[in-house]
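Everything on this sheet refers to the single structure shown next.
Proteins come first, then strands; the chains are lettered A, B, ... in the order of their sequence lines, and each starts at number 1.
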Number of protein chains: 2
Amino acid sequence: MKPLNDDLAYDLGDFFKIFGDPSRIKILYALLQKDMCVSELVGELGLNQSALSHQLRLLRQNDIVKFRRDGKMVIYSLDDEHVGILLRNGIEHLSHKNAYEGEEVSE
Amino acid sequence: MKPLNDDLAYDLGDFFKIFGDPSRIKILYALLQKDMCVSELVGELGLNQSALSHQLRLLRQNDIVKFRRDGKMVIYSLDDEHVGILLRNGIEHLSHKNAYEGEEVSE
DNA sequence: TCAATATATGAACAACTGTTCATATATTCA
DNA sequence: TGAATATATGAACAGTTGTTCATATATTGA
């Protein structure tokens, strides 16, 4: 049985690391509902603008979100459908262990 | 639109954090092939025994792996089917961006 | 019971991460 | 062009993480 390719192990780790932070989880969950600009996200989540921008850059750099400019605003959206699948998967795992049955992740 | 429940955001973050490390990814990938004891894992992966045990504890504490004792050995296995799904999902995401098309995650 | 083998644990430490503050850049409109 | 608004970035810092080394615990068989 061949062990996992080293590079892939690192890249997979880096990929999942992105989801390993509550702020980013909130951002992604919010963007799962609809595309939003930065100030909209600041309003929705409790994060300050700088922290948010730093996190958005990370998400951008890892192809998790994409963005487009609209006048003064920059509108972020999820890059592909994997994000939702992943979040749903995580929530489902937790719901087996804890009491989050009520939570939903919209399509 | 209600923002994501704070506790859930933290727990989801903690859950994904587990997958955010190459050593743990390798461990999980190995256990996806078959159940293994610690020394078997030490052999397969390049990790030293102590590091491995520390990581296994983390995986245990987060209900990602379970274990049974068999004589002197402790045999680890994946706790549920989500792990494989998650890994496959991650690999698929990366394959869209990079050149990992060749990699497989067995059922 | 003692040595050998297998695994777990605690302390210590370097490396990494997320936030904040201050400031920079970009865009619009008067 | 200049003020106002929206977003991005860099430096700094505290907190967290993964590994190593040393040592502890558990199980077996002589």
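Of the residues listed (B:Val65, B:Leu59, B:Leu28), the one engaging B:Val83 in a side chain to side chain contact (heavy atoms under 4.5 Å, CB included) is B:Leu28, and it is the only one.
Across the protein-nucleic acid pair, A:Leu56 atom CG and D:dA6 atom P stand 16 Å apart, rounded to whole Å. Atom-to-atom, CG of A:Leu47 to P of D:dA6 comes out at 18 Å; the value is rounded to the nearest Å. We find that CD1 of A:Ile75 is positioned 14 Å from C1' of C:dT27, with the value rounded to whole Å. Here the P atom of nucleotide C:dT7 and the CG atom of B:Leu52 are 9 Å apart, to the nearest Å. Atom-to-atom, CD of A:Glu40 to P of D:dT5 comes out at 18 Å; the value is rounded to the nearest Å. Summarising the geometry, the separation between CD1 on A:Ile18 and P on C:dT17 is reported as 9 Å, rounded to the nearest angstrom. Between A:Lys72 atom NZ and C:dA24 atom C1' the separation is 17 Å, expressed in whole Å. Rounded to a whole Å, the CZ atom of A:Arg68 is 17 Å from the C1' atom of C:dT27.
Counting any heavy atom pair closer than 4.0 Å across all strands shown, B:Ser39 reaches sugar-phosphate atoms only and no base atom. Looking at heavy-atom distances under 4.0 Å, B:Gln55 makes contact with sugar-phosphate atoms alone, never a base.
Side-chain proximity of B:Ala51 to the nucleotides D:dT28, D:dT19, D:dT7 is greatest for D:dT19. Of the candidate nucleotides D:dT7, C:dT28, D:dG10, D:dG10 has the atom nearest to the side chain of A:Arg57. You'll find that the side chain of A:Arg69 is closest to C:dT27, out of C:dT27, D:dG18, C:dA8. The side chain of A:Leu58 approaches C:dG18 more closely than any other nucleotide in the set C:dG18, D:dG18, C:dA6. Listed candidates were C:dA8, D:dA8, C:dT19. Nearest to the side chain of A:Tyr76 is D:dA8. Out of C:dA6, D:dG10, D:dT7, the shortest distance to the side chain of A:Met73 is found at D:dT7. Closest contact between the side chain of A:His54 and the listed nucleotides D:dA11, D:dG18, C:dT7 involves D:dA11. Nearest to the side chain of A:Lys17, among C:dT17, C:dT9, D:dA8, sits C:dT17.
In this structure, A:Ile25 and A:Phe19 approach most closely via the heavy-atom pair CD1-O, 3.2 Å.
Side-chain N/O atoms of A:Gln49 and base N/O atoms of D:dA6 include no donor-acceptor pair closer than 3.5 Å. Remark: the B:Ser50 side chain and the C:dT9 base include a donor-acceptor N/O pair separated by less than 3.5 Å.
At a threshold of 4.0 Å, the pair B:Asp6-A:Lys26 counts as salt-bridged, since one of the basic side-chain nitrogens sits closer than that to a carboxylate oxygen.
Side chain to side chain, B:His93 and A:Asp80 meet the donor-acceptor criterion of an N or O pair below 3.5 Å.
In terms of modelled atom types and a separation under 3.5 Å, the side chain of B:Arg57 and the main chain of B:Leu52 share no donor-acceptor contact.
The residue among A:Gly71 and A:Arg24 whose nearest nucleotide of DNA chain C lies closer to the 5′ end is A:Arg24.
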Stepwise salt bridge (charged side-chain N to carboxylate O under 4.0 Å, His left out) test for A:Arg60 and A:Asp79: CA-CA 9 Å; A:Arg60 247 159 39 213; A:Asp79 189 294; over 6 Å; no
